[in-house]
Amino acid sequence: MDRFYELSEDTISDFYEIFNKKSFPVQMKFQFQGDQKQKAIINVSKIPDKFVAIMGKELLISINEDLLTAYDDESITILFEQEIDKININIDSGKIKLVRTDLNTFSGLVNKYGVEKVARANKVEELYQEQQKDAKSDEEFIV
């Protein structure tokens, strides 16, 4: 399988289900892509302006669908919301920018889910990354 691939309709639908619960002042256009080597479950990035005109898309939503099976539904929702909450739009200009998280997540997610659940969701992500790194080093040691 190639590193980059087309996401399933279910995954895109799951993203929109979470995204549509947020309120943004303008409509945004997304380009979706699967990335099997991405360490995080989801990554939102801005598409450079010179490509926005060509593609008609403003934000790249990259998701590693292989990681989805390692998470429960609530953790997936938390991690998706965490990335979506980085999206900031200037109402006057319509310009989109991505902001950094406060600490490791947004206070709104902590208020909504509680510190323990957000920490657990983020810990699962860290543990998975460590396991992948360990597995890779084990393979290199064996070979």
Side-chain angles (χ1 to χ4, degrees), residues 1-140:
M1 177 188 243
D2 292 329
R3 174 181 177 166
F4 300 107
Y5 57 92
E6 192 171 325
L7 288 175
S8 72
E9 288 299 319
D10 287 342
T11 300
I12 294 171
S13 176
D14 290 345
F15 171 83
Y16 275 119
E17 184 177 323
I18 296 165
F19 178 80
N20 289 334
K21 291 179 183 174
K22 303 286 184 177
S23 95
F24 288 96
V26 296
Q27 186 76 17
M28 288 177 273
K29 296 177 184 139
F30 301 109
Q31 177 66 47
F32 293 93
Q33 122 182 326
D35 183 349
Q36 75 173 25
K37 292 187 179 182
Q38 180 173 285
K39 296 185 187 296
I41 192 170
I42 182 173
N43 184 44
V44 175
S45 57
K46 234 175 115 0
I47 295 174
D49 290 339
K50 65 182 178 180
F51 297 120
V52 168
I54 296 167
M55 298 173 59
K57 310 287 181 163
E58 300 158 314
L59 293 170
L60 175 64
I61 310 301
S62 181
I63 298 174
N64 185 337
E65 288 180 310
D66 293 341
L67 292 180
L68 290 176
T69 59
Y71 297 89
D72 59 64
D73 289 343
E74 187 172 59
S75 293
I76 291 169
T77 299
I78 291 169
L79 295 171
F80 274 37
E81 278 193 43
Q82 195 168 263
E83 278 298 299
I84 292 167
D85 284 349
K86 291 180 181 179
I87 303 168
N88 185 291
I89 301 173
N90 181 316
I91 297 172
D92 296 329
S93 67
K95 284 276 189 189
I96 299 171
K97 71 177 186 174
L98 300 177
V99 296
R100 298 182 62 80
T101 57
D102 47 2
L103 300 174
N104 288 333
T105 190
F106 288 91
S107 56
L109 289 174
V110 173
N111 290 337
K112 184 175 182 178
Y113 295 102
V115 174
E116 290 178 8
K117 288 182 179 179
V118 174
R120 180 176 50 90
N122 282 302
K123 192 55 136 178
V124 169
E125 186 171 34
E126 291 171 16
L127 286 172
Y128 181 84
Q129 291 173 12
E130 287 175 18
Q131 288 174 349
Q132 293 302 315
K133 194 183 329 176
D134 288 346
K136 186 176 181 181
S137 66
D138 288 348
E139 286 176 15
E140 291 172 359

- Gap separating the CG atom of Leu7 from the CD atom of Gln33, nearest 0.5 angstrom: 8.0 Å

- Message: Can you tell me which residue among Phe32, Phe24, Phe80 is in a ring-ring contact (aromatic ring centres under 6.0 Å, His included) with Phe19?
- Response: Phe24

- Message: Heavy-atom count check: over 12 atoms from other residues, nucleotides or ligands less than 6.0 Å from Lys57 NZ?
- Response: yes

- Task: Mark yes or no for whether Glu58, through its side chain, and Lys29, through its backbone, hold a donor-acceptor pair below 3.5 Å.
- Result: yes

- Got a donor-acceptor contact below 3.5 angstrom from the Glu65 side chain to the Thr11 backbone? no

- Message: If we ignore hydrogens and angles and just use 3.5 Å, is the side chain of Asn64 paired with the main-chain N or O of Gln38 as donor and acceptor?
- Response: yes

- For atom NZ of Lys22, decide whether the heavy atoms of other residues, nucleotides or ligands shown that lie under 6.0 angstrom number more than 12. yes

- Message: Under 4.0 Å between a side-chain nitrogen and a carboxylate oxygen: does that hold for Lys117 and Asp72?
- Response: no

- Task: Indicate yes or no for a side-chain donor-acceptor contact from Asn90 to the backbone of Asp92 under 3.5 Å, with no hydrogens or angles considered.
- Result: yes

- Message: So, taking the atom named CG in Asp35 and the one named CD1 in Ile61, what distance separates them when rounded to the nearest 0.5 Å?
- Response: 13.0 Å

- If you draw a 6.0 Å radius around CG in Asn111, do more than 12 non-hydrogen atoms from other residues or ligands fall strictly inside? yes

- Message: Can you confirm whether Lys46 is buried at NZ, in the sense that more than 12 heavy atoms of other residues, nucleotides or ligands lie under 6.0 Å from that atom?
- Response: yes

- Message: Assess the residue pair Ile76 and Asp14 against the criterion (side chain to side chain contact (heavy atoms under 4.5 Å, CB included)); give the C-alpha distance rounded to whole Å, side-chain angles, the decisive distance to 0.1 Å, and a yes or no.
- Response: CA-CA 9 Å; Ile76 291 169; Asp14 290 345; over 6 Å; no

